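Taking it in order: structure first as structure tokens, then the write-up.
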Amino acid sequence: MFTVLFSFFTWITIKMSGNKERTFIMVKPDGVQRGLVGEIIKRFEAKGFKLVGIKMKQASEELLKKHYEELAGKPFFGGLIKYMLSGPVVPMVWEGLNVVKTGRVMLGETNPADSKPGTIRGDLCIQVGRNIIHGSDSVETAKREIGLWFEDKELSDWAPAQQSWVYED
Ligand code: DAT
Ligand code: MG
């Protein structure tokens, strides 16, 4: 009996924690300037993902250098930081089953020219240096990025009324 109950609760916990995966999505300065914040939010909302954090922010050079630290040696790094400093950004945290991987699929490829129609970059932008949106590339990266851009108290843990219509259980 105990084993059955234990397995059941373990199964429920695994299911629930899957739905609790989080990713860091950010509308870049060009996306904000072009009035695409609503379009981007709309796509994640319509998919069924849950918004748990959002703000508008003029990022500092220090924060952006930490955010993109893996790319520090790349020839485009200076231009990337300048572009990201050129205006406010809209950082967000989205939650849901496989949201990191699915979020990347929704974004398209890094270079909009390689992104399929139907993806955000495929539909809404043209060049890699103006690709309007950022999305975490792994669950580990997402944790690091969420920690860089948000304090715990800025994230809302809430239960959407539509939950049982988005997930089977
Ligand atoms: P992604 O944003 O798809 O995760 P990335 O992490 O490799 O891509 O690079 C971060 C950003 O740096 C990317 O969104 C745009 C810029 N970038 C990447 N490769 C570039 C290149 N070859 N030339 C100019 N900018 C580039
Ligand atoms: Mg990246």
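Since the model is a prediction, treat every value here as computed from it, not as a measurement. Indexing begins at 1, ligand by ligand and atom by atom, following the structure's order.
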Original post:
Angle class for the His134/His67 ring planes (parallel below 30°, perpendicular above 60°, tilted otherwise)?
Top reply: perpendicular

Taking only Lys NZ, Arg NE, NH1 and NH2, and the carboxylate oxygens of Asp or Glu, determine whether Arg43 and Glu39 approach each other closer than 4.0 Å. yes

Of all protein heavy atoms, the one nearest atom 15 (C) of ligand 1 is Val128 O, 3.5 Å

Nearest heavy-atom approach of Leu63 to Trp149 is CD2-CZ3, 3.4 Å

For atom 1 (P) of ligand 1, the closest protein heavy atom turns out to be Thr110 OG1, 3.5 Å

| query | Does Arg121 use its side chain to pair, donor to acceptor, with the backbone of Ile132 at less than 3.5 Å? | reply | no

Counting only nitrogen or oxygen atoms and a 3.5 angstrom limit, does Glu109 reach ligand 1? no

*asked:* For the backbone of Cys125 and the side chain of Arg130, can you confirm whether one donor and one acceptor N or O come within less than 3.5 Å of each other?
replied: no

So is Met84 close enough to ligand 1, meaning a heavy atom under 4.0 angstrom away? no

message: So for atom NZ, which belongs to Lys55, do other residues, nucleotides or ligands contribute more than 12 heavy atoms lying within a distance under 6.0 Å?
response: yes

When distances are taken from atom 11 (C) of ligand 1, the protein heavy atom at minimum range is Leu80 CD1, 4.0 Å

Atoms of ligand 1 under 4.0 Å from any heavy atom of Arg121, numbered from 1 in the order shown, are 1 (P), 2 (O), 3 (O), 14 (O)

For Asn131, the ligand 1 atoms with a heavy-atom partner under 4.0 Å come out as 13 (C), 14 (O), 15 (C)

When every non-hydrogen atom of Tyr83 is compared with those of Asn131, the smallest separation belongs to OH-N, 3.5 Å

Of all protein heavy atoms, the one nearest atom 10 (C) of ligand 1 is Leu71 CD1, 3.4 Å

(Q) Quick check on Lys28 - does any of its heavy atoms sit under 4.0 Å from an atom of ligand 1? (A) yes

Nearest heavy atom to atom 25 (N) of ligand 1, choosing from Phe76, Tyr83, Tyr68, belongs to Phe76

Using a plain distance cutoff, I'd like to know if His134 has any nitrogen or oxygen under 3.5 Å from a nitrogen or oxygen of ligand 1. no

Practice task
Please say whether Arg104 places an N or O atom under 3.5 Å from an N or O atom belonging to ligand 1.
Solution key: yes

Check your understanding: Taking the side chain from Glu21 and the backbone from Val139, do they hold a donor-acceptor pair closer than 3.5 Å?
Key -> no

